[in-house]
2 protein chains.
Amino acid sequence: MASRSDTKTRILDAAEKLFAERGFSETSLRLITSKAEVNLASVNYHFGSKKELIRAVLARYLDVFMPLATDELKQLKAEKQHIPLEQVFSVLVNPLLELNKLRPDGTTLFLQLLGRGYIESQGHLRWFITTHYGEHLSFFVDAVSESVPEIPKADMFWRLHFTLGTIVFTMASADALMEIAAADFNEQNDIEAVIRKVIPYMAAGVNAPQLTA
Amino acid sequence: MASRSDTKTRILDAAEKLFAERGFSETSLRLITSKAEVNLASVNYHFGSKKELIRAVLARYLDVFMPLATDELKQLKAEKQHIPLEQVFSVLVNPLLELNKLRPDGTTLFLQLLGRGYIESQGHLRWFITTHYGEHLSFFVDAVSESVPEIPKADMFWRLHFTLGTIVFTMASADALMEIAAADFNEQNDIEAVIRKVIPYMAAGVNAPQLTA
DNA sequence: GTCTATACGCGGATAGAC
DNA sequence: GTCTATCCGCGTATAGAC
């Protein structure tokens with residue numbers, strides 16, 4: 001365990017790169033272990049299954065991101081009584097960009113992995129995130145509710161899930177969308193630019209006028 | 001080809017039901033063919049591959065839905081010069097509900113299949129839909145642009161893709177969301193209710209105020 | 001033309017030796 | 001902890017029966 005980093009980390013590093021490039025189902029454990037130069041069976045020894053490996057890859061980011069986001073939000077709450085909705089969403093930008101210090105291109109990697117993971121793995125990732133980071137999520141959801149208190153709880157439930165869909169899908173296809181925008185509109189975007197485009201959309205959606213039908 | 005419906009239709013019917021229930025990757029051809037009581041190899045004979053079977057399942061709905069939606073939109077355009085954005089989205093409701101006449105629970109099945117398909121199959125379904133139904137899509141996109149002409153084309157590109165994410169993710173998880181809403185808020189929703197909830201969200205998002213950063 | 005039996009290669013997972 | 005050998009289910013391809 002000296003000259004080369006330990007097996008577990010080697011697997012995580014190789015898996016994260018391949019998952020982000022090719023997606024989860026298109027990335028076999030045989031490919032991961034050959035790139036990481038470890039034995040195939042070591043994945044099952046260290047992680048138990050491919051699904052748990054996926055969760056572990058995401059957890060390395062979530063463990064950094066979630067506390068950062070909560071701290072930033074707490075600080076803002078201490079400063080002002082009422083936070084405009086769009087600003088609640090904007091709180092997430094700095095913690096996301098901090099992930100670039102964790103690993104090169106960390107922000108993009110994390111958001112792609114999160115988007116693809118949420119989308120490809122019907123259920124198990126949703127469960128993992130809500131059980132392991134539930135307090136952070138509740139804190140954020142509460143802040144959103146407080147910023148637009150006139151929206152009923154049930155409506156807020158739906159609109160926050162619409163928002164989840166927006167962000168997850170956008171991040172999963174961010175690469176393709178940036179390519180199209182470059183080709184068709186001569187726009188050069190990075191992941192931060194995309195985040196800043198989607199925030200006003202989500203804020204307007206959550207705060208949409210009520211139906212009276 | 002007399003006493004029981006033909007093999008091709010038996011496969012499509014069984015596949016559509018299983019795909020909607022369990023998703024595409026979780027549904028094996030062996031399961032489909034055993035439920036349909038046909039031979040495994042007949043899928044390859046009639047459809048060529050699993051991907052093409054998925055496309056064929058969706059095509060049965062799209063071939064009905066797309067012309068209906070275009071007709072409805074053309075009729076509305078003939079009636080009034082300027083159509084409010086939310087009304088452009090609402091045009092899709094009746095064509096969607098018409099699918100219930102095609103098959104029992106057709107609307108729900110179609111939207112679940114579309115959502116899951118767009119999400120699970122990175123690319124091939126997107127390509128299939130844009131090449132086979134491109135004119136219908138362009139007609140709809142143009143109507144959206146005309147209803148909010150002040151939004152630049154590039155911004156509209158991003159916002160329509162955000163909208164795609166919203167609708168696709170919502171429909172793919174509609175069952176789970178309706179269950180949660182029933183348990184937590186004592187709300188009884190069907191798929192039409194969900195559609196009518198998401199339309200104001202999307203309309204507000206597309207029409208969100210511009211950033212001036 | 002339509003259907004069937006069968007086989008190939010690849011996927012994730014695991015038992016057991018070291 | 002690590003490695004080999006092996007298992008079973010998957011999508012796919014094909015030879016040949018009807």
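What's counted below: heavy atoms across the whole structure, side chains too, no hydrogens, waters or symmetry copies. Naming: A, B, ... by sequence-line order, numbering from 1 per chain. Keep in mind that this is a model prediction, so the values were computed, not measured.
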(request) Could you pull out all residues at least two apart from A/T70 that satisfy side chain to side chain donor-acceptor pair (under 3.5 Å)? (result) A/H136

(message) Please enumerate all residues that pass ring-ring contact (aromatic ring centres under 6.0 Å, His included) together with B/F157, with sequence neighbours excluded.
(response) A/F185, B/H161

(request) Starting from P on D/dG1, measure out to CZ on A/F47 and report it in whole angstrom. (result) 12 Å

(message) Can you measure A/I11 atom CD1 to D/dT2 atom C1' for me and round it to whole angstrom units?
(response) 11 Å

(message) Going by side chain to side chain donor-acceptor pair (under 3.5 Å), name the residues that satisfy it together with A/N94, two or more places apart in sequence or in a different chain.
(response) A/E72

(message) Below the 4.0 Å mark, does C/dG1 have OP1 or OP2 next to a side-chain nitrogen or oxygen of B/H46?
(response) no

(message) For nucleotides 11-18 of chain C, give me one character per nucleotide, 5' to 3': B if any protein heavy atom sits under 4.0 Å from the base, S if the only such contacts are to the sugar-phosphate, - if neither.
(response) BBBB----

(request) Among residues two or more places apart or on two chains, list those pairs meeting salt bridge (charged side-chain N to carboxylate O under 4.0 Å, His left out) that have a residue in residues 61-70 of chain B. (result) none

(message) Please tell me if A/T7 has a side-chain N or O lying less than 4.0 Å from either OP1 or OP2 of D/dT2.
(response) yes

(request) List for me each residue that meets side chain to side chain donor-acceptor pair (under 3.5 Å) alongside A/S49, sequence neighbours excluded, and say none if there are none. (result) A/E52

(message) Expressed as a whole number of angstroms, how long is the span from B/I32:CD1 to D/dG9:C1'?
(response) 15 Å

(request) Check whether the side chains of A/Y45 and A/T7 place a donor and an acceptor atom closer than 3.5 Å, and report yes or no. (result) no

